[in-house]
Amino acid sequence: MQYRPTDIEPKWQQRWAEAGVAEIDVTAPGDKLYMLNMFPYPSGDLHVGHGRNYILGDALYRFFRMRGRAALNPMGWDAFGLPAENAAIKNQIHPRQWTLANIQRMKKQFARWGILYDWSKEIASCEPEYYRWNQWLFLQLYKRGLAYRGTAPVNWCPQDQTVLANEQVVDGRCERCGALVEQRELSQWFLKITEYADRLDAGLDTLEHWPEKVKLMQRNWIGRSLGADVDFPVPSVGHPIRIFTTRPDTIYGATFMVLAPEHPDVPKMIADAHDREEIEAWITTVRNQSALERQESGKEGRFTGKYAINPFTNEEIPIWLGNFVLPQYGTGAIMSVPAHDQRDFEFARQYGLPIRIVVKPAGGDGVEPNDMAEAFTFKDESGVSVNSGPIDGLPVPKAIEKIISIIEERGLGKGTVRYRLRDWLISRQRYWGTPIPMLYCEKDGLVPVPEEELPVRLPLDVPFTGREGNPLAKTPEFIEATCPRCNGTARRETDTMDTFVDSSWYFLRFVTPRDESKIFDSEVVNRWLPVDQYIGGIEHAILHLLYARFITRTLHDMGLIAFEEPFTRLFNQGVITKEGYKDANGAWVSPSEVEWRDEKPYRGGEALTAEVTKMSKSRLNVVPPDELIAKFGADTERVYTLFIAPPEKEAAWSDEGVIGAYRFLGRVWHMGVVLSGAGPASGPEKPAAEAAAAPQVIRKMHQTIDAVTSRIERFEFNTAISALMEFSNVLAEAPSREPYEALLKLLHPFAPHATEELWEMLGNEGLVLTSTWPVADRALMQEETAIIAVQINGKLRGQVEVPAPAEEQRVMDAVFSNEKIQTWITGKEIVKKIYVPGKLVNVVVK
RNA sequence: GCGAAAGUGGCGGAACUGGCAGACGCGCUGGACUUAGGAUCCAGUGGCCCAAAGCCGUGUGGGUUCGAGUCCCACCUUUCGCACCA
């Protein structure tokens, strides 16, 4: 009986589906465990790179099931978004139809991988049953002042014809399409995430089971800075200008001030300047630049002709405008300390502004400003204040402390905390998203849609032209509305929400997904959440995870949930890469067109370059699972995917490597066939299937149970599988039934179909439903003998074998009663015993 | 520039608190079975050496230790994140 996965896998998938094995009653008692894979955008076909994410989650889920946990493992669809709309424009198919078809396709793929989800909990964010609660959530935030409409310079993607959140702009480009992002001054909807900046930052410390890397990325993104706000009097303007600095200790070295060109006091300041027109033209140029252009044009500035007074030195210092000062951060104004800030230093050198040293190295001498090649930025005890009046001689941290207290005493300002984080821009000028439930009434202004009128349904019959503007804005039936306050005519908001709003709370909906009366049941949610294990890609380290943490806190503050952090454990799997081929123009070439000569890729006569990158459709390097499964089965793909590398690491897909997983399963299969008596033994002598297992097999079995269990818990799937391969190799020498059944159980999370079939073949019933995870007997794991290495004066003298009892003292007794060792040791030598449990035992003689 | 992680055979990778480096798998070499094999099975496979013995081997250079892939110091390289955030 040959191992033919395609003959058996669909059968088991059908049985699991019919039995609803993964469906769980959230009101039933049990040792709850909420597992969650980030719900995907339904883009169509999944490839083996996507598979890694879900296979990993399923292996873990099956493991916890077998250990008796009441595990919830739901799945849904992040179903709003731009690609559906682009498909509508390109192929004249409605976004909804396109999305639902993709969902059907992907659901089949999940099933074909043997992944068990509780489909009774399925949600799709594009359905009114879901997005009405998105709208409800928005109204609650609006009520609390956490959602507001404001005018601000925003990121505009000319390609996608919409505004973007700061988080969606990468290197000055649209994260989605790569187009250069423009700055536009627009009135838009924001969520006040900045109000939670301090709590989002502090909360990171409580996330013990999150990758450090993700926490660090979030911390950097929030960008908490301690410093001081200080007022500098400006006689010519009539009121002081407030600056923010993280280095108030350097205030005696502030020799000029720089304002962002956008600073509100600028027009007044330059009104009587002789070169006003030139300055205004320059300001216009800077304001129209994208963030990227602004940075790439280097440091530029203009002198306003006005002076501020340094409140500590009482000197008049010139006020400049500088393109490197950002209007959105701090107060949009800085005191410049060129000696100790690299940006200020460059600016001062460029425009010949004075440089004054106010910090010198501790225990050393300062330098002359003229000799400086760069700013000296001492941030810790390595720097000491000089030329700074009351703080002279103090190391930097102490100096900061003292100067802030002086600033506060003199009423010049105060110590403050500033954040880099900005409010979350959620308006999108696109169709396929949740309509923002707001109205514009001529009489009453902005009016929220009453909760009982939700959902504001997205109309399905709208024109898709692909030209500028949101299709909703061209749909009068949608726009025309009645004001709930005055019954007069009102205009409906046509912006839709960023799809990251949808995904910022979906994990709360999964426990009571069909509740039509409320967003979720607080009692049930408090029992099941936070999510115990969240699994997804590192690309969401900031965006999704930060938004979800923010929304969770707002719901907590509304009294709807008892916790502030949504995800207890987070795991980020690495991407799967594969070689792709590029022609001279940088265009990707299909692997089917590639010919090999001297191990180098060509197309026709043209030499190609090979590049290993993340699997993606556009790079033509995806491996579709269908073909692979048809040939080797889903179990092979599952085992290979988990075996290929540690799951958090990037892994290179190898078509040849797959065969190793297939062979392994084939050997396990063959052994099962022989043990069950279902087929003839291959060798001349039939193994004694019912005979007692050999001691070395029993030992290996317990060692393997122990290793696989702890490795799964630590996400070391690759070595868990290698331990199973080792066990299978040992077992093949002397097959017997009991250890073989243990092997099947341990293998089940990775290769569920084959193990079910073999389990049944042995006369057992329903592995996934009935069997429990084996437990290792530590006493039986012990090796019977230990090799003792004896070193004398650093040289290996020899090795002897002794019985290996568990306790240290008995090992040592065994060692020193050994005649051979006694003859090596002379009376003069000092004996040092080194006992390493389960490992080599050394005796060192000096 | 700042921050973080990582450098081990031809390849993916193992080695938990320092204790037999290279587990497991791919590939490769030889063999068996075959009309055939890109199926399956067996054996071998870090380097030097015909072989044995032996020596050398975890990015580089130092150090600690009876013993270092693992710890410490300096450096090199790669990847990732942030990037005028005052």
Spacing between [X] atom [atom1] and [N] atom [atom2], to the nearest angstrom:
{"X": "K578(A)", "N": "rG12(B)", "atom1": "NZ", "atom2": "P", "value": "15 Å"}
{"X": "E539(A)", "N": "rG81(B)", "atom1": "CD", "atom2": "C1'", "value": "14 Å"}
{"X": "Y419(A)", "N": "rC82(B)", "atom1": "OH", "atom2": "C1'", "value": "19 Å"}
{"X": "I243(A)", "N": "rA86(B)", "atom1": "CD1", "atom2": "P", "value": "12 Å"}
{"X": "D655(A)", "N": "rG27(B)", "atom1": "CG", "atom2": "P", "value": "12 Å"}
{"X": "Q342(A)", "N": "rG1(B)", "atom1": "CD", "atom2": "P", "value": "11 Å"}
{"X": "E346(A)", "N": "rA86(B)", "atom1": "CD", "atom2": "C1'", "value": "13 Å"}
{"X": "L259(A)", "N": "rC84(B)", "atom1": "CG", "atom2": "C1'", "value": "16 Å"}

Sequence-distant partners of [X], side-chain contact (heavy atoms from CB on, under 4.5 Å), two or more places apart:
{"X": "S388(A)", "answer": "Y252(A), V358(A), S385(A), I391(A), D392(A)"}
{"X": "A734(A)", "answer": "A694(A), V697(A)"}
{"X": "V417(A)", "answer": "R224(A), L226(A), Y419(A)"}
{"X": "V325(A)", "answer": "V258(A), A260(A), I334(A)"}

Ionic contact status for R349(A) with E346(A), cut-off 4.0 Å: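 Result for this pair is no, no salt bridge flagged.
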Ionic contact status for R219(A) with D205(A), cut-off 4.0 Å: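 Looking at R219(A) together with D205(A), the answer is yes, because their closest N to O distance falls below 4.0 Å.
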Answer syn or anti for rG61(B), where the cut-off is 90° from 0 on the glycosidic torsion.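 Nucleotide rG61(B) adopts anti.
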Provide the distance between the two [atom1] atoms, one in [N] and one in [M], to the nearest whole Å.
{"N": "rG63(B)", "M": "rG12(B)", "atom1": "C1'", "value": "34 Å"}
{"N": "rG10(B)", "M": "rG47(B)", "atom1": "C1'", "value": "13 Å"}
{"N": "rC16(B)", "M": "rC71(B)", "atom1": "P", "value": "11 Å"}
{"N": "rA68(B)", "M": "rU58(B)", "atom1": "C1'", "value": "11 Å"}
{"N": "rG22(B)", "M": "rC72(B)", "atom1": "C1'", "value": "26 Å"}
{"N": "rU77(B)", "M": "rA23(B)", "atom1": "P", "value": "32 Å"}
{"N": "rA39(B)", "M": "rG30(B)", "atom1": "P", "value": "16 Å"}
{"N": "rU8(B)", "M": "rG57(B)", "atom1": "C1'", "value": "10 Å"}

Could you give me the CA-CA distance, side-chain angles and deciding distance for Q218(A) and W210(A), then say whether side-chain hydrogen bond (donor to acceptor under 3.5 Å, both in side chains) is met? CA-CA 11 Å; Q218(A) 292 218 354; W210(A) 276 41; over 6 Å; no
Might you list the N or O atoms of the protein lying below 3.5 Å from N or O atoms in nucleotides 32-34 of chain B, with each pair's distance?
none

Short side-chain to backbone donor-acceptor contact, N621(A) and K578(A), under 3.5 Å: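 Yes, the answer is positive, given that a donor and an acceptor are paired below the 3.5 Å cut-off.
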Using only atom types and a distance under 3.5 Å, with no angle test, would you say the side chain of D229(A) pairs donor to acceptor with the backbone of F244(A)?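 No.
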List the residues meeting side chain to side chain donor-acceptor pair (under 3.5 Å) with [X], not counting sequence neighbours, and say none if there are none.
{"X": "D706(A)", "result": "R778(A)"}
{"X": "E611(A)", "result": "K582(A)"}
{"X": "E713(A)", "result": "R67(A)"}
{"X": "E539(A)", "result": "none"}

Would you please enumerate the stems RNA chain B participates in, each stem being three or more consecutive Watson-Crick or G-U wobble pairs with both distances under 3.5 Å?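 Correct response: B:1-7 with B:76-82, B:10-12 with B:24-26, B:27-32 with B:40-45, B:46-48 with B:54-56, B:59-63 with B:71-75.
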Considering only rA86(B), rG13(B), rA83(B), which nucleotide approaches the side chain of A645(A) most closely?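 Among rA86(B), rG13(B), rA83(B), the one nearest the side chain of A645(A) is rG13(B).
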Could you please name the option among rG12(B), rC84(B), rA86(B) that lies closest to any side-chain atom of T245(A)?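 Out of rG12(B), rC84(B), rA86(B), the nucleotide with an atom closest to T245(A)'s side chain is rA86(B).
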Can you sort out which residues in residues 207-218 of chain A have a heavy atom within less than 4.0 Å of RNA chain B? Ascending by number, please.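 Within this stretch, K213(A), L216(A), M217(A) sit under 4.0 Å of the strand.
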Would you call the rings of Y351(A) and F347(A) parallel, tilted or perpendicular, where under 30° means parallel and over 60° means perpendicular?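 Judged by the thresholds at 30° and 60°, the geometry between Y351(A) and F347(A) is tilted.
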Describe, in one word, how the ring planes of F750(A) and F717(A) are oriented to each other, choosing from parallel (under 30°), tilted (30 to 60°) and perpendicular (over 60°).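 If you compare the ring of F750(A) with that of F717(A), the planes turn out perpendicular.
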Assign L326(A) to base, sugar-phosphate, or nothing according to its heavy-atom contacts below 4.0 angstrom with the strands shown.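 Base contact - L326(A) has a heavy atom under 4.0 Å of at least one base atom.
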Please classify the nucleic acid contact of G574(A) as base, sugar-phosphate, or nothing, using heavy-atom distances under 4.0 Å.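 If one applies the 4.0 Å heavy-atom cut-off, G574(A) turns out to touch nothing in the nucleic acid.
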Would you kindly compare G332(A) and E716(A) by the position of their nearest RNA chain B nucleotide and give the one closer to the 5′ end?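 Nearest-nucleotide comparison on RNA chain B picks E716(A).
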Given RNA chain B, 5'-ward residue of the pair Y662(A) and E650(A), judged by closest heavy atom: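 Nearer the 5' end of the strand: E650(A).
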Can you see if the side chain of [X] gets near the phosphate of [N] - specifically, an N or O under 4.0 Å from OP1 or OP2?
{"X": "K649(A)", "N": "rA6(B)", "value": "no"}
{"X": "R420(A)", "N": "rA83(B)", "value": "yes"}
{"X": "N718(A)", "N": "rA14(B)", "value": "yes"}
{"X": "S225(A)", "N": "rA86(B)", "value": "yes"}

Find every protein N or O atom lying less than 3.5 Å from an N or O atom of nucleotides 24-26 of chain B, and list the pairs.
| from | atom 1 | to | atom 2 | distance (Å) |
| --- | --- | --- | --- | --- |
| rG25(B) | OP1 | N729(A) | ND2 | 3.4 |
| rC26(B) | OP1 | R663(A) | NH1 | 2.6 |

Sub-4.5 Å side-chain heavy-atom contact between T636(A) and K631(A):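 Not in contact.
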